[in-house]
Amino acid sequence: MTLHVDAAVRLGDFDLRAELVAPAGQVTAVLGPSGAGKTTLLRAIWGSVPIDAGTIRTGDRVLDSPPGTFVVPEERRVGVVFQDYLLFPHLTALENVAFGPRARGWSARDARAAAAALLERVGVGSQAGLKPRSLSGGQAQRVALARALATEPDLLLLDEPLAALDVGTRVEVRRDLRRYLADFAGPAILVTHDPVDALALADRVVIIEAGRVTQEGTLGDVTSRPRTPYVAELLGVNLLVGSGVGHAVELDGVSVATAQPVEGPTLVLIRPSSVALHLHQPDSSARNQWSMSIGELNLLGERVRVRLVGPFELVAEVTPDAVAALGLVEGGSVWASVKATDVTAYRA
Amino acid sequence: MSRVRRRPPAPVVAAAGVTILFFAIPLVGILQRANWSTVWSDLTTSGARDALRLSLISSVLAAGLSIAFGTPLAWVLARSAVPAKPLLRGLVLLPMVLPPVVGGVALLAAFSLRSPIGGWLHDAFGLQLTFATSGAVMAETFVAMPFYVITVEGAMRGMDQRYEDAAASLGARRLTVFRRVTLPTIAPSVVAGGMLAWARALGEFGATITFAGNVMGRTRTLPLAVYLELESNQDAAVALSLVLLAVSLLVLVSLRGRWLSSS
Amino acid sequence: MRARTEPVAALLVLVMLIAASCSDSAGPSSPEAGSKGEAPGLSGSVVVSAAASLTDAFADVGEDFSEIHPDVKVMFNFDSSTTLSTQILEGAPADLFAPADEANMRKLTDANLISGEPKVFTRNELVIVTKPGNPEGIETLADLAGAGVISLCGEKVPCGKYAAEALAKAGVTIDESSITRGQDVGATLTAVTDGDAVAGIVYVTDAAKAGDKVEAVSLPEDVNVIATYPIGVLSGSTNIEVARAFMDHVLGGEGQEVLADFGFVPAS
């Protein structure tokens with residue numbers, strides 16, 4: 001069954017109005033800057049915050065629909081992996097995982113057996129007898145996941161599940177998490193501020209900014225057609241806003257040539273790798289040529305990101321060799337060119 | 001460099017030292033007054049043994065009642081949105097600041113044989129609280145329970161309530177959450193509050209003598225015995241005082257200020 | 001300026017402590033500051049440590065005395081006689097001592113703490129007090145045994161000793177577990193008036209004071225005990241002149257009259 005959220009929540013000064021759909025068997029990543037309302041959205045879904053208007057339902061089962069319906073958290077059948085896991089410190093890993101089944105009325109023996117099997121499955125079977133303070137970050141994360149899954153929830157929520165881990169552990173846990181999420185039959189929602197998590201784990205992405213959903217779609221949709229500066233920055237691409245006139249998009253006094261005809265308000269996507277840099281005005285076939293100055297140089301692994309300032313701002317990505325050959329320095333002048341075929345333009 | 005730990009200024013240290021002396025000197029006084037050669041025999045007279053036994057029983061019962069009835073109250077005060085909570089909390093904590101004798105008078109007014117409730121209890125169940133050990137326990141509980149409630153309520157407020165949320169998301173009902181998550185988390189404060197209440201009950205005098213009277217073997221607890229012995233056998237009074245002192249100090253030191261570390 | 005406040009605070013504490021300890025040795029009998037030194041009459045203040053049973057009577061006596069000697073201030077310290085004698089033996093400052101028995105006075109004369117001879121100034125009798133209407137029908141001391149919880153003074157306090165004497169004379173034994181013991185006669189009476197004690201043994205004067213909150217059952221003369229109240233000036237008094245004047249006043253006609261009003265029996 002699919003999770004449908006159409007909710008308005010007001011918490012003090014903060015105001016969240018979100019509409020999203022999370023299909024069963026898929027991982028929906030909720031991505032957004034901190035303070036955008038991601039955690040509030042999760043809390044509304046599992047019931048720790050009642051919504052002020054709208055409806056939250058899984059399939060036909062309404063979880064919250066003021067003023068009439070409010071299902072208390074303990075009856076929602078929503079598994080939650082909390083940001084800092086919130087494993088009960090006085091219980092062992094096994095008891096933590098058995099807690100949910102016990103609370104739902106399983107016998108102690110059944111609950112423990114199920115918990116032991118789950119811990120085994122997520123790879124921390126030998127840590128079953130340890131208290132949370134003796135677990136490493138990665139182990140605690142796995143126990144938290146097992147605890148959330150142990151109640152056989154309709155829905156799985158993960159709040160920044162990898163944020164507390166160090167880089168090395170994160171890669172490994174992310175890989176395993178991908179496997180466990182694939183096995184989960186219901187909708188899974190993954191809240192994160194790290195696009196890498198979304199790319200690695202999610203099928204669909206929902207972008208939340210300042211309490212509003214600004215973009216929603218498959219991973220492919222979002223990466224190929226970012227709609228807000230925030231998403232563009234996450235993806236590390238150039239996003240320009242202009243007005244389409246035939247085979248060009250008019251920006252402020254500058255026009256960008258496109259291969260496809262465009263009309264009306266238009267977003268222009270230019271990948272930094274598509275931007276070529278020259279010392280002199282190129283006589284190439286590229287129809288987009290601008291004289292710009294170099295604002296900043298950043299070495300990123302094998303590539304150098306060059307922030308250009310001119311009629312508009314543009315980021316180019318070149319090899320360190322090219323930087324040396326062209327003698328690029330911050331503050332220097334340079335020509336930038338982009339082929340019309342490398343410009344993606346779509347309606348704003 | 002933080003190699004040198006910052007200390008309060010010398011005058012403050014000096015003033016604090018004077019304050020410590022203020023508390024320490026009376027202790028030294030009673031220690032040097034003790035007649036150590038007779039302490040053991042003074043403590044083993046039948047009167048003293050009765051008082052010790054009675055004090056132990058009644059104070060443990062008072063601490064137990066404080067835990068049994070104080071825990072739900074602390075829960076309500078810490079977690080629910082009852083109206084007029086400040087008033088409610090003030091009411092509960094009143095016995096901490098009230099002279100215990102006043103508490104005793106109030107208990108007497110409410111539960112003596114001639115009061116409506118006390119009379120009814122006696123007529124309906126043959127229960128008499130005055131001059132009975134149950135009355136002494138009640139007076140001690142009245143005075144001691146606030147110490148427990150304030151400690152446990154503070155701990156409940158201070159704990160990370162997201163653990164309770166987590167338990168709820170796992171399907172645990174509120175009572176289960178309380179029993180399996182809240183209580184274990186605040187267990188140290190429950191112990192600390194219980195011991196504090198016990199120590200207070202052990203030292204209770206005013207409310208007990210006023211409400212329950214001073215009957216040997218039934219309501220004459222250690223502090224009452226101390227007061228009575230002051231009239232006749234000072235050595236015995238000092239010996240009994242030493243027991244109270246030692247036990248109370250032991251409790252407070254072993255708690256290491258845990259009832260403060262709540263919020 | 002700011003830097004000075006801390007030492008000042010510390011000093012203040014010290015000064016307070018020293019002041020508190022000094023006032024002990026100076027004693028309350030030091031002449032009142034600003035009293036009219038040229039007046040021919042007595043001046044200053046005295047502390048009278050008196051048995052709890054004297055509370056109301058002595059308050060009146062003290063008022064009369066202050067009327068005669070307007071520059072004199074009389075302060076009272078009422079408690080059980082045993083507590084008072086203990087306090088004085090411990091060095092508590094007082095100018096006069098008026099216990100409810102001679103034993104406690106003897107403790108002080110034995111310790112050479114009394115200046116001159118103490119004198120018996122009044123007497124008192126014991127009485128049984130019961131709830132109004134005497135619901136238990138108590139007529140004699142023998143009725144007290146088994147009637148319920150009886151309120152008596154502490155065994156070593158005069159009113160407790162007198163009660164024990166009276167019970168012994170009557171050949172009555174009350175089980176200790178049926179006795180609640182008051183630290184002084186006032187507390188003993190309160191257990192009957194406000195508490196659930198069935199009856200108590202107190203002084204006639206206290207029974208009178210309680211009015212209709214109790215019913216008094218008098219004891220036959222052969223078992224009754226007469227409490228004798230001595231008064232003496234303490235040798236440690238810093239205002240012996242005033243103390244003697246107060247003692248004379250108590251023994252004199254006016255003082256005796258007030259005591260009689262409260263139900264005390266004349267000394268002779």
Side-chain angles (χ1 to χ4, degrees), chain A residues 39 42-49 63 70-92 95-106 108 111 114-115 118 131-132 140 143-159, chain B residues 67 70-72 74-83 85 148 151-195 254-256 258-263:
Chain A
T39 297
L42 279 199
R43 292 178 64 192
I45 295 172
W46 67 264
S48 99
V49 174
L63 299 179
F70 179 79
V71 179
V72 291
E74 55 266 35
E75 285 169 6
R76 288 204 176 186
R77 300 201 301 267
V78 176
V80 188
V81 176
F82 293 92
Q83 183 163 4
D84 34 12
Y85 314 137
L86 299 179
L87 295 176
F88 304 126
H90 57 285
L91 300 181
T92 63
E95 290 162 341
N96 262 282
V97 178
F99 185 96
R102 282 291 284 149
R104 281 166 202 271
W106 294 27
L118 261 169
K131 293 275 176 73
V143 174
L145 180 70
R147 186 176 71 168
L149 290 173
T151 56
E152 296 174 350
D154 294 345
L155 180 64
L156 186 63
L157 307 180
L158 303 102
D159 190 0
Chain B
I67 292 172
T71 308
W75 191 17
V76 168
L77 287 178
R79 288 286 187 276
S80 69
V82 286
K85 202 187 275 185
Y148 177 80
T151 307
V152 171
E153 191 206 336
M156 282 187 196
R157 289 178 171 283
M159 76 172 272
D160 190 341
Q161 291 172 33
R162 294 178 309 149
Y163 286 104
E164 296 174 346
D165 290 347
S169 82
L170 292 168
R173 307 196 170 275
R174 297 200 67 174
L175 212 57
T176 310
V177 174
F178 182 75
R179 196 171 47 81
R180 294 208 52 207
V181 176
T182 315
L183 263 189
T185 307
I186 60 163
S189 292
V190 169
V191 173
M195 284 178 79
S254 70
L255 291 181
R256 279 170 292 176
R258 193 170 273 153
W259 70 93
L260 295 174
S261 68
S262 47
S263 41

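Residue numbers begin at 1 in each chain, while the letters A, B, ... track the order of the sequences. These figures come from a predicted structure and were not determined experimentally.
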Only counting residues at least two apart or in another chain, list the ones meeting side-chain contact (heavy atoms from CB on, under 4.5 Å) with Ala44(A).
-> Val9(A), Ile51(A), Ile56(A)
Check each atom of Phe82(A) against the heavy atoms of chain B and say whether the ones under 4.5 Å are side chain, backbone, both or neither.
-> side chain
Whatever's closer than 4.5 Å to a heavy atom in chain B on Leu91(A) counts as side chain
What part of Ala167(B) is in contact with chain A, defined as an atom under 4.5 angstrom from a non-hydrogen atom: side chain, backbone, both or neither?
-> both
Would you list the atom pairs in which one atom of chain B and one of chain A form a donor-acceptor pair under 3.5 Å?
| unit_1 | atom_1 | unit_2 | atom_2 | d |
| --- | --- | --- | --- | --- |
| Arg162(B) | NH1 | Asp84(A) | OD1 | 3.2 |
| Arg162(B) | NH2 | Asp84(A) | OD2 | 3.2 |
| Ala168(B) | O | Glu74(A) | N | 3.4 |
| Leu170(B) | O | Arg104(A) | NE | 3.2 |
| Arg173(B) | NH1 | Glu75(A) | OE2 | 3.0 |
| Arg173(B) | NH2 | Glu75(A) | OE2 | 3.2 |
| Arg180(B) | O | His90(A) | NE2 | 2.8 |

